[in-house]
Protein chains: 2
Amino acid sequence: MAPTTPQPTTPQQAATAPASPTDEAAVDVPSRGKGRPRSATADRAILDATRAALAEIGWGGLTMGHVATRAGVAKTTLYRRWPSKNELVVDAVASLFDELEIADLGSLQADIEAVVAQFADLLARPETQAALLALFAEGSRDPQLRRRIRERIVDPQKHLVQLGRANAQARGELGPDRDEDTACEEIDIIFDTIAGTVEHRMLVSGEPISPAWIRRFTTLLLSPLPGLTAALAETPHP
Amino acid sequence: MAPTTPQPTTPQQAATAPASPTDEAAVDVPSRGKGRPRSATADRAILDATRAALAEIGWGGLTMGHVATRAGVAKTTLYRRWPSKNELVVDAVASLFDELEIADLGSLQADIEAVVAQFADLLARPETQAALLALFAEGSRDPQLRRRIRERIVDPQKHLVQLGRANAQARGELGPDRDEDTACEEIDIIFDTIAGTVEHRMLVSGEPISPAWIRRFTTLLLSPLPGLTAALAETPHP
DNA sequence: GCAGATACGCTACGACTCGTAGCGAAAGAG
DNA sequence: CTCTTTCGCTACGAGTCGTAGCGTATCTGC
């Protein structure tokens, strides 16, 4: 019998509410189990199909019906969980970023180089390229989507910068925090610089990222431009 | 969808073929005037309507029919000139970047700060935000569109970096080129860093760009991280 | 076990956009 | 004045979106 309960849209949101607010990709939350629980298999199939379809036909060609067919699932099942294509793709792509890690390799430069290489590899995958830019584009106009992107994709990356900074301080490569605000701003600026530069290089300029390029980039971050006269460095606040 | 199809219909391409292949914004090319020339007024109205519609309803909501109505033009007229929404938006957005200039303010840092401020102002405009990211996203899968974006938007910006570098060399702030390749690579990396960082800050992190932020960013570019011990700087090639 | 509740696959639907085709009228070029 | 091209308009088939309704499958609580 058709449950005439309201819930016009966003059944996902309502159903997920009782679960931990910081929960991740695991969209199926049969916590308040009453009726038939949502199939976790279907969830995985949908997310996998979304990533595969993204890699093959890109964002523009990605249709909900296509994803449903590919996942062996009814289209209505998609809409029961994700209110729109955007939200679905956020979940599908976010998990790709979980593999990013920052290791303590003994020097700040080595650590940065390693994480940049990981990031470059991730952005080299076709499903990541198409999806990430499309998400950013949609997010520029949809505040809710932007928030979700922040929580699921951007903030975890920023955390890597925090960790790397802390490691460098522990090794004595960086001085201690002068104050809290300055530290936050410094992390922000370093994060935007690393992520933005790598993304721009790969996604906009469209040129590959080689170990040599990574070496030059990190050197730029950590030391002045080669050939820069000392005169300018002495007057950072003209 | 449109980008998926190879190129079943390219009326624009065929019609524009006799014109110079490297021609730019001036889409109307009544060069081989025989019959009624294309209305330059209509062209301007269409591009203006496209920018306005982008600012209001964004990329996703932008439809060809909507632009046509807004411009007071038949939808068919749009398709007579631009083969797809992507190409139209490239032309509509490219002109926005023409206002970017690099001045010789007497110091490299001041010059960079000025151009970053201009770029940030440009990216603060809603039509630029939505359009630029959407174009990048489409371009990540459509090589022809990507090439067009490069020619019309990216390369002109890169030229600014070249100019700023030359100015700094003329002032003696930067040493002369060691060799051609190194100079090119250095320009590439600086360009990706400036453009990518500003774009990431504004479009992804979604935080504003203040003069203070610009000062910190350019200082980061031109000098080592504050607090960085000299030990690391001495070993750029561990 | 047996209800009740929920999710499932399937089909169909209206609304919308896409890009094209055909028409008669308008506006310059020669 | 004629010829050529563009113009606005209308209509069309194809495709997608997101929703609704149906009957069935599956799990929980009594």
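Lettering follows sequence order; numbering is per chain, from 1.
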When rounded to whole Å, the CG to P distance for the pair B:Leu78 and D:dT6 reads 15 Å
Atom CD1 of A:Ile46 and atom C1' of C:dG9 are separated, to the nearest Å, by 12 Å
Does the side chain of A:Thr218 pick up a donor-acceptor pair with the side chain of A:Glu113 at under 3.5 Å?
-> yes
Closer than 4.0 Å, any side-chain N/O of B:Thr76 to the OP1 or OP2 of C:dG19?
-> no
Minimum side-chain heavy-atom gap B:Trp59-B:Glu138 below 4.5 Å | yes
When the distance from CG of B:Asn86 to C1' of C:dG19 is rounded to whole Å, what number comes out?
-> 14 Å
Distance in angstrom units between B:Ile57 CD1 and C:dC16 P, rounded = 14 Å
B:Leu88 CG to C:dC18 P, straight-line distance once rounded to whole Å | 11 Å
Are any non-hydrogen side-chain atoms of A:Phe119 and A:Gln157 less than 4.5 angstrom apart?
-> yes
Can you name the one residue among A:Thr193, A:Asp192, A:Ile187 that meets side chain to side chain contact (heavy atoms under 4.5 Å, CB included) with A:Val161?
-> A:Ile187
Is the backbone of B:Glu207 close enough, under 3.5 Å, to the side chain of B:Ser205 for a donor and an acceptor to pair up by distance?
-> no
Give the rounded distance in Å between these two atoms: CH2 of A:Trp59 and C1' of D:dT16.
-> 14 Å
What is the nucleic acid contact for B:Gly72, judged by heavy atoms within less than 4.0 Å: base, sugar-phosphate only, or nothing?
-> sugar-phosphate
Determine: side-chain N/O of A:Arg38 to OP1/OP2 of C:dA7, distance under 4.0 Å, yes or no.
-> yes
Test for a donor-acceptor pair under 3.5 Å between the base of C:dG9 and the side chain of A:Lys75, counting only N and O atoms.
-> no
Mark yes or no for a side-chain to base donor-acceptor pair under 3.5 Å between A:Arg36 and C:dT6, with no hydrogen or angle criteria applied.
-> no
Separation of C:dA21 C1' from B:Tyr79 OH (nearest whole Å) | 14 Å
Counting only distance, no hydrogens or angles, is the base of C:dG9 paired donor-acceptor with the side chain of A:Arg80 under 3.5 Å?
-> yes
Taking side chain as C-beta onward, heavy atoms only, is A:Trp82 less than 4.5 Å from A:Thr77?
-> no
DNA chain C contacts among residues 63-71 of chain B, heavy-atom distance under 4.0 Å | B:Thr63, B:Met64, B:Gly65
Pairing of B:Asp48 and B:Arg70 as salt bridge, 4.0 angstrom limit | no
